[in-house]
Amino acid sequence: MIQQKLELLNRFLKKYNIELIYMYIFCYFLFLLVLMSFRSASGDETYYLKEALLISELFKKGIWIGDYGVGLHGFLFKIPVAILFIINGGPSVFLATLFTSFLSVLSLFLFHKIVSSFFLKKNYAFWATVLLSVSFHFIDTSLSFNRDIPVVLTVLLFIYLFLKDANKWVIGISLLLMLDAKEHVFLTVAPLYALYIFLSEIREIGGRKILETLKQIFIKGFSGFSFSVIWVVLMFYTSVIPMNMFVASIS
């Protein structure tokens, strides 16, 4: 019986040229949509919701947020929620959770893309994505306004760009997003990426001059980390970027 239903599903998907992963992720989003209708905010996410609310109130007055305390574990991923609050006419736990769930769905798409493009065949990539999506922590954080899902998305974006050997400036932007999503994860990934740049260029030293190798290390390091460095400088010395106290405590 189950086999017959799977065959019917496959025929339907082939008929309309729909990939199984898209169908699964759509159903998964509907599943999250149902669950998020019965929740309330708790724990750390209440702080982030208050910051998103403050951002929305400042935006309504035409005030930039640089001088205000809205940067706890970053602020970029709070801005879309703040805009939703403005459109809605007030704060909403449902809308904040909806945004996080949207990011979790994007994470699943990106994870499937990484696995299918660089590691496993599509069938195995599908089941790898299913395993990620049904893990308790992934579901739990998808139904919250915590920072876990934004940082998962940024890490997956970095991994995809890294494996694709994308432009180093684009990789630098992904690292900046990671820094804003959660600085602790950035401080784990960034040194490893810097070490990779150094070692990959040192391996080529036999075929070129030392100065050329040092030049390439500087160019790749500058393009990869300049956005993040400028971001932190603006955070400490200007009113452009809201202060992230976790970055300040590390510094």
Side-chain angles (χ1 to χ4, degrees), residues 43-49 51-52 55 65-81 99-100 103-104 106-107 110-111 114 118 132 135 137-138 140-142 144-202 214 216-251:
D44 291 345
E45 64 176 323
T46 57
Y47 296 106
Y48 310 135
L49 284 166
E51 290 183 349
I55 291 172
I65 59 179
D67 286 325
Y68 294 83
V70 296
L72 186 65
H73 285 317
F75 72 97
L76 289 179
F77 289 95
K78 298 168 188 170
I79 289 178
V81 175
F99 177 69
T100 305
L103 295 184
S104 71
L106 287 181
S107 299
L110 194 50
F111 179 77
I114 292 169
F118 301 104
L132 171 63
S135 65
H137 187 67
F138 190 85
D140 185 48
T141 52
S142 295
S144 74
F145 192 53
N146 286 315
R147 306 297 86 201
D148 303 68
I149 293 299
V151 79
V152 165
L153 178 62
T154 58
V155 169
L156 289 173
L157 178 61
F158 168 79
I159 292 172
Y160 176 71
L161 294 172
F162 173 76
L163 293 174
K164 194 180 177 182
D165 196 23
N167 184 284
K168 297 298 183 291
W169 292 101
V170 179
I171 292 178
I173 293 174
S174 71
L175 285 170
L176 171 60
L177 292 173
M178 193 187 304
L179 172 64
D180 182 79
K182 208 161 193 179
E183 62 293 323
H184 297 143
V185 177
F186 171 84
L187 291 172
T188 301
V189 175
L192 293 175
Y193 180 56
L195 181 62
Y196 166 79
I197 292 174
F198 177 77
L199 293 178
S200 63
E201 293 302 321
I202 288 294
L214 293 176
Q216 290 300 316
I217 292 173
F218 174 78
I219 291 173
K220 292 183 178 181
F222 182 79
S223 58
F225 295 102
S226 58
F227 289 126
S228 299
V229 171
I230 293 171
W231 186 268
V232 173
V233 170
L234 292 175
M235 182 187 300
F236 280 108
Y237 297 104
T238 72
S239 297
V240 176
I241 306 299
M243 178 60 66
N244 183 333
M245 292 310 299
F246 282 96
V247 174
S249 64
I250 293 169
S251 303

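The minimum heavy-atom distance between L72 and K78, with the atom names listed, is O-NZ, 2.7 Å. Minimum heavy-atom separation, T100 to S144: OG1-O, 2.8 Å. Between Y193 and G224, the closest heavy-atom pair is CE2-CA, 4.5 Å. Listed here is the closest heavy atom pair of P150 and L103: CG-CD1, 3.9 Å. When all heavy atoms are compared, the tightest approach of I65 to P242 is O-CG, 3.7 Å. When all heavy atoms of L110 and L153 are compared, the closest pair comes out as CD2-O, 4.0 Å.
Atom CZ in F145 sits 12.5 Å away from atom CG in D44 (nearest 0.5 Å). Atom CD1 of residue I149 and atom OG1 of residue T154 lie 10.5 Å apart, to the nearest 0.5 angstrom.
Looking at residues two or more places apart in sequence or on another chain, you find no salt bridge (charged side-chain N to carboxylate O under 4.0 Å, His left out) involving E183. Checked against ring-ring contact (aromatic ring centres under 6.0 Å, His included), F75 has the following partners two or more places apart in sequence or in another chain: W231. By the side-chain contact (heavy atoms from CB on, under 4.5 Å) test, D140 pairs with F136, sequence neighbours left out.
Both the sub-6.0 Å distance and the 45° axial angle are not jointly satisfied by R147 relative to the ring of F77.
The neighbour count for F222 CZ, taken as heavy atoms of other residues, nucleotides or ligands under 6.0 Å away, does not exceed 12. Within a 6.0 Å radius of CZ in F227, more than 12 heavy atoms belonging to other residues, nucleotides or ligands are found.
Remark: the backbone N or O of D67 is not paired with any side-chain donor or acceptor of S239 at under 3.5 angstrom. At distances below 3.5 Å, not a single donor-acceptor pair connects side-chain atoms of D148 with backbone N or O atoms of T141.
In this pair, F162 and Y196 present their aromatic rings perpendicular. The plane angle is above 60°, beyond the 30 to 60° band.
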